[in-house]
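Inspection log for the structure reproduced underneath, given as structure tokens.
Here, residue 1 is the first one in the sequence, and each next residue gets the next number.
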Amino acid sequence: MTWKDLNNEGVRLVQAGDTAGAETALRAAYRAATTAADRASTLVNLAAAVEPEEALDVLAEAAGLADSPALRATVLASRANTLLALGRWDEAWEDTARGLVDAPLREEAMLRAVRMGLLVAVGRLAEARTEALAAERHPEFAEHARATLDYLAAVPPWQACVGLNVQGAALAQAGDLQGAHAAFEAAYRATLESDDVEALACRAAIAGNLAGLTDAVRWSTEAIDLAHALGDRPDTVDVLVNALLVRAQHLGHASRTTEALADVDEAARHADTIALRAVRARVLATGGRFGEASAEATAALDLAYAAEPHLVAGLHTTLAEIAGSTGDLAGSAEHHGLARDLAAATGDRATEATSVLSLARLAYLGSDNDRAEALYREAEPLLHDDPRRLAVCLHGRAAVAIGLGRPSDGLRLLDEVEQRWDGQATPVELIGLHQVRGGALEALGDHAGADEQYAEALAVCERAGLRHVALGIAWWRADALLRSATTADVEVCRRALDLALPAALAAEAVRHRFAHGPLRERWIALAAAPATRAAFAAIGSLGDVDLAAAYVDHLTATVSLHSEAAQAVARDEILTLPEPPADHLPYAASFLTVVSADLTADFLLPPRVRLDPATPSTLDSWIDVAERRYGFPVRSAEAVASW
């Protein structure tokens, strides 16, 4: 058979849907072709018989063989259609523009017809109509153009949003976030031309999709408001729930815990999903409610392993953060390691990057700076398209540089972090920045500058309501002051005491909010014990023996059983009480309900301890300061005699 026969047979088979047979015939035609033009024409036909990615390679060769404006326009038209199939709209449009530069009349009409399809795909219907009218003027493309014009006349403009929304979702799934954002925005604009109920429902869904890509709080809020306005429609329940959970995650990340939990609670009125539990656990952990967060995440993890394994890696990340925040660094590393392996296996780059960053931070906290630096460098390629999280990586590298004795390098990296944040940092990010910058300045001998940074970190905590974070920064700042002070620096020592002692009193009171067990003990080790050591160091720096004695007396007191729940027992009846069971816990250790604000009604706060119960001790005023500063009671109004 001749080249022409083989080429025509290949075209016939493509039109009949036999792509395998068409590919065989067209490859034979290519081998039989004797001119560059014939080979280029064959390759254009072959592109219709193979997968889009391979078609691009075939058309690239055809473009190199095209030796006339007409043939070049034909190749570019075919390539534009292929690029559209791959979701690469902008490149497809550029190809049609190049082809139109010198295309003959027939090929110009062909390119106009291709543009017509491109514009319909992205909802630019008025422009699509203009291109269809231009294509209609050539007989070969008139029928296709008139069919498109009929479609455009029959379809309300806003309905273009449906196809655009589907296209955006496909692009997002393929990792083309920029293309997805463009498609979703075009879909959103299409809905603005109508207040039809269905248009509003489509707008709500699109706003929810945009929330997953950019400006999450703004777009999720719009989706929520639209869903509320539409009422109890089955097709908007999922939109409402998903938007509430997206907003909750971002509000929690911004330390707006109360608002975030309100969104989770509203979502729970419509659905009870593992994803919802995972979000609640994350928000609770971010807000410092570690006991509740641990219980919620553990329950969700058991369910996820059985029903939704794609959520498992994220839940391990949450449990890792809870463990790390409460002093269990080994447990945190174990969870992050599992999350990293699971995420890598499923292609979840975001979770994998989070785990690598967290493992790097744990290595740094464990003083393994070389491993930390290696892990941060491993994380960077995973974050190349996420400038905000890349800033987190640079922040970690800054801390490592200080640990390796390069504080000037650390300050340079921190400057780059601030540039990448561009004024959009969350409270937690700002706190970390000020802490690390303070460490760098302290290493350089600028103790006043370091103290200013620690003070700013505390101020951010106060503005954001992150009192559980403020406790740690307060004793850290106090220690830094004492490290810079001499025995003659009485004023500096007093400032250290003002930071350390209220923080220690508050941290010791917080431990009663944890259920008895490892989590509570880790809080004591992570926050209460270091704060207590800092308080004693500050008291010792001033040589205040009376305050030291009062503080020791204070630490001997413990939680008391609520008077209404206690049964009065006569002294001589104690011997008749049965032996406690083997698993009996003292009342002070049997606090099984984790709370977020006041202690439960089952227990009273410990009393104040004084030499004379009627006379306030030197510690009483400090307890008052702690309660005012941290916003919760430290001891009850009752006073008892000390030892």
Side-chain angles (χ1 to χ4, degrees), residues 3-4 7-8 10-11 14-15 19 22-23 26-27 29-30 33 35-125 127-145 147-149 163 167 170-171 174 176 178-179 182-183 186:
W3 165 80
K4 185 175 182 179
N7 187 61
N8 289 342
V11 171
V14 167
Q15 293 171 343
T19 55
E23 182 179 357
L26 290 167
R27 291 193 184 280
Y30 177 83
T35 68
D38 288 348
R39 284 196 294 275
S41 297
T42 303
L43 290 170
V44 169
N45 294 329
L46 178 60
V50 297
E51 293 298 318
E53 291 288 357
E54 184 179 356
L56 288 182
D57 294 334
V58 168
L59 292 168
E61 182 181 352
L65 295 169
D67 55 3
S68 68
L71 189 51
R72 185 166 56 254
T74 300
V75 172
L76 288 169
S78 178
R79 179 179 149 88
N81 278 323
T82 303
L83 288 166
L84 178 62
L86 291 169
R88 294 159 62 177
W89 191 93
D90 290 340
E91 294 172 74
W93 186 261
E94 289 171 5
D95 276 359
T96 62
R98 282 196 293 271
L100 285 169
V101 170
D102 57 357
L105 290 178
R106 176 192 174 279
E107 283 71 25
E108 179 185 352
M110 175 178 61
L111 287 165
R112 298 289 180 191
V114 172
R115 279 194 161 200
M116 175 182 70
L118 292 175
L119 291 164
V120 169
V122 294
R124 293 161 58 175
L125 304 187
E127 295 169 81
R129 185 174 186 277
T130 299
E131 295 291 356
L133 290 170
E136 187 184 25
R137 291 196 288 268
H138 195 285
E140 189 174 339
F141 304 99
E143 183 178 353
H144 177 44
T148 300
L149 288 168
Q167 181 189 2
L171 290 169
D176 183 1
Q178 185 176 359

Is Leu133 close to Glu136 at the side-chain level, that is, under 4.5 Å between some pair of heavy atoms?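 Side-chain contact under 4.5 Å: yes.
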Side chain to side chain, Asp102 and Arg72, heavy atoms closer than 4.5 Å: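 When only atoms from C-beta onward are counted, Arg72 and Asp102 do touch, with a gap below 4.5 Å.
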Between Thr42 and Trp3, do the side chains contain a donor N or O and an acceptor N or O under 3.5 Å apart?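 Judged by distance alone, the side chains do pair up.
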How long is the straight-line distance from [atom2] of [Y] back to [atom1] of [X], given to the nearest 0.5 Å?
X     : Y     : atom1 : atom2 : result
Leu86 : Leu56 : CG    : CG    : 5.5 Å
Leu59 : Glu54 : CG    : CD    : 10.5 Å
Arg27 : Glu23 : CZ    : CD    : 4.5 Å
Asp95 : Asp90 : CG    : CG    : 11.5 Å
Glu91 : Leu84 : CD    : CG    : 11.5 Å
Leu65 : Thr35 : CG    : OG1   : 9.5 Å

Quick check: closest heavy atoms across [X] and [Y], and the distance to 0.1 Å?
X      : Y      : answer
Glu108 : Ala103 : N-CB, 3.9 Å
Ala66  : Val75  : CB-CG2, 4.4 Å
Ala55  : Ala47  : CB-O, 3.5 Å
Ala145 : Ala132 : CB-O, 3.3 Å
Ala33  : Asp38  : CB-CB, 3.8 Å
Asp67  : Ala37  : OD1-CB, 4.1 Å

Counting only heavy atoms from other residues, nucleotides and ligands, does the tally under 6.0 Å from CD of Glu140 exceed 12?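 Yes - once you tally the heavy atoms of other residues, nucleotides and ligands closer than 6.0 Å, there are more than 12.
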If you draw a 6.0 Å radius around CZ in Arg129, do more than 12 non-hydrogen atoms from other residues or ligands fall strictly inside?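 Check fails, neighbour count at 12 or below.
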Is it the case that the side chain of Thr96 and the backbone of Trp93 share a donor-acceptor pair, with hydrogens and angles ignored and the cut-off at 3.5 Å?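 Yes: the side chain of Thr96 pairs with the backbone of Trp93.
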Ser78 side chain to Thr74 main-chain N or O, any donor-acceptor pair under 3.5 Å?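 A pair under 3.5 Å: no.
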Quick check on side chain to side chain contact (heavy atoms under 4.5 Å, CB included): which of Val14, Val58, Asn7 does Leu46 satisfy it with?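 Among Val14, Val58, Asn7, the one meeting side chain to side chain contact (heavy atoms under 4.5 Å, CB included) with Leu46 is Val58.
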Validation row, ring centre Phe141 to ring centre His144 under 6.0 Å: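 Aromatic pair excluded; centres sit 6.0 Å or further apart.
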Arg115 and Leu100: side chain to side chain contact (heavy atoms under 4.5 Å, CB included), yes or no, with the steps? CA-CA 11 Å; Arg115 279 194 161 200; Leu100 285 169; 3.7 Å; yes
